[in-house]
2 protein chains.
Amino acid sequence: MFRGPRKLGHMSAVPTDESERRSGPLLQHLARRMRLRSESVLTPLGLRPRHLVALTVLRDSGGISQQGLAATLQIDGTNVVGLLNDLEADDLVERRRSPEDRRRHVVSLTEAGTKRLREAECALAGAEEDVLGALAPGERDLLYELLRRASQGRSSSCAEVVAEGGPDAC
Amino acid sequence: MFRGPRKLGHMSAVPTDESERRSGPLLQHLARRMRLRSESVLTPLGLRPRHLVALTVLRDSGGISQQGLAATLQIDGTNVVGLLNDLEADDLVERRRSPEDRRRHVVSLTEAGTKRLREAECALAGAEEDVLGALAPGERDLLYELLRRASQGRSSSCAEVVAEGGPDAC
DNA sequence: TGGATCGTTCGTGTAGGACCAACTATTTAT
DNA sequence: ATAAATAGTTGGTCCTACACGAACGATCCA
């Protein structure tokens, strides 16, 4: 893990430390704004924000077990069931039993799902324009690319992190 | 599932359109992962993710009315009250009556608040490392900068957008 | 054969946050 | 001067997303 040069014991009383700014809160804030905007647009399509997240993950992953999906989305397996029930009821997704392990369901987008996802993304242009309006088109592409790469990075479980993390490291 | 009024799109039958990918779902996904990681780290500091968002906004804005804060955070004014009550109870924030309009409270970080925010950001290093681990340090800085600029862009209200938006524009 | 694993259902709990009503203090408009 | 609008506050209700637990069928594996 990255161990940068650490804090100096004697900072001025009003330090304004620029180097420790975190993306977390900003991410939180923008995601929230985006979600608020998206809901009204998604409703006519019979989708909710979380559905869209799932569909996106499914498109990127091709086919994936429900466990894998739960791990990727970081939500409880039991809740994945309900999510997929929604999507399957609308024929956007299909569960096929895995041939090599018949306990597993391999989840993948149907053609209708692919199409619906595209419609949704199209409909979200306005929301994105509004929330990311301060960024130039090229910057938005850059942002997308960074977010995509970050999303695909390894996702360790909370347990692992707690185990490995130890003290606060700062 | 959640049956809204349907509206069939008429899209070309074949494509895999790369150009309409949206950052929204990715933002959603990463923000969620970051929030899950953050909570356990923030708890010992007596903070919640939303507190951190508020503190961050306050640091960036210097002093701001509660209405302004509500608009920026895009949460209801009545909920801002509770949020600020939390923070003020911990002496992280102060409300001063505005001299030029004594109805207003100007909210700003206290010194303790600035300090606590820095501590929190410091403690969040691990969470960020985990969620953004796939990005190189320079890329994380870039991401932060993009997010910051996007956050500071004008935030129109939902009402405005609905009024101006009209049809889907796609 | 007896665990362990994947998915499923159901039920409970918690938290964020919207929204409404009613109230006070203050400003602005008539 | 008085009425209307605005900023904040309190208290309440409601909805949604999720976590988490229990119990179950199907399947794999030792």
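Just so we're on the same page: letters track the sequence lines, and every chain starts at 1.
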Supply the atom-to-atom distance B:Leu117 CG to B:Cys122 SG, rounded to the nearest 0.5 angstrom.
11.0 Å
Using atom CD of A:Glu39 as one end and atom C1' of D:dA17 as the other, report the distance to the nearest whole Å.
11 Å
Could you state the atom-to-atom distance from CD1 of B:Ile64 to C1' of D:dG8 in whole Å?
15 Å
Within residues 75-84 of chain B or reaching into it, pairs that qualify as salt bridge (Lys or Arg N to Asp or Glu O under 4.0 Å) - sequence neighbours excluded:
none
Collect all protein-nucleotide pairs involving nucleotides 12-15 of chain C in which both atoms are nitrogen or oxygen and the distance is under 3.5 Å.
unit_1, atom_1, unit_2, atom_2, d
C:dA15, O3', B:Arg48, NH1, 3.3

Side-chain N or O of A:Gln66 less than 4.0 angstrom from OP1 or OP2 on C:dT8?
yes
Just to confirm, is there a sub-4.0 Å distance from OP1 or OP2 of C:dC6 to any side-chain nitrogen or oxygen of A:Gln67?
yes
Can you check the A:Arg104 CZ to C:dT5 P distance for me, whole Å?
11 Å
Please report, rounded to the nearest Å, how far the P atom of C:dT8 is from the CG atom of A:Leu69.
11 Å
Euclidean distance, atom CZ of residue B:Arg95 to atom C1' of D:dA7 [Å, nearest integer]
12 Å
What side-chain donor-acceptor pairs closer than 3.5 Å can you find for residues 25-32 of chain B, not counting sequence neighbours?
unit_1, atom_1, unit_2, atom_2, d
B:His29, NE2, A:Thr72, O, 2.8
B:Arg32, NE, A:Leu73, O, 3.4
B:Arg32, NH2, A:Gln74, O, 2.8

Taking 4.0 Å as the cut-off, does a side-chain nitrogen or oxygen of B:Arg35 come that near to OP1 or OP2 on D:dA17?
no
Just the rounded figure in Å: distance from P of C:dG17 to CZ of A:Arg33.
15 Å
Can you list, in residue-number order, the parts of residues 75-92 of chain B that come under 4.0 Å of DNA chain C, counting heavy atoms only?
B:Ile75, B:Asp76, B:Thr78, B:Asn79
NZ/NE/NH1/NH2 to OD/OE distance under 4.0 Å, A:Glu94 and A:Arg96
yes
Please determine if B:Arg22 and A:Glu121 form a salt bridge, counting it only when a charged side-chain N lies under 4.0 Å from a carboxylate O.
no
Whether A:His105 contacts D:dA26 is assessed here as follows: a side-chain N or O lying under 4.0 Å from the phosphate OP1 or OP2. Is that the case?
no
Closest non-hydrogen atom pair, A:Leu52 against A:Thr56:
O-OG1, 2.7 Å
Are side-chain N/O atoms of A:Arg95 and A:Gln66 paired as donor and acceptor at under 3.5 Å?
yes
Close N/O contacts between protein and nucleotides 23-25 of chain C (under 3.5 Å):
none

Hey, are A:Asp60 and A:Arg148 close enough for a salt bridge, meaning a charged N less than 4.0 Å from a carboxylate O?
no
Counting only N and O atoms by type, is there a donor-acceptor contact under 3.5 Å from the side chain of B:Ser61 to the main-chain atoms of B:Ile64?
no
Scan for side chain to side chain donor-acceptor pair (under 3.5 Å) pairs involving residues 134-143 of chain A, sequence neighbours excluded, and state none if there are none.
A:Glu129-A:Arg140, A:Glu139-B:Arg149
What is the minimum heavy-atom distance between B:Ser151 and A:Arg33, and which atoms define it?
O-NH1, 3.7 Å
Nearest-neighbour nucleotide for the A:Arg32 side chain, D:dG8, C:dA18, C:dT26 considered:
C:dA18
Between A:Arg48 and A:Glu39, is there a side-chain N and carboxylate O pair less than 4.0 Å apart?
no
On DNA chain D, compare the nucleotides closest to A:Ser98 and A:Leu73; which residue's is nearer the 5' end?
A:Leu73
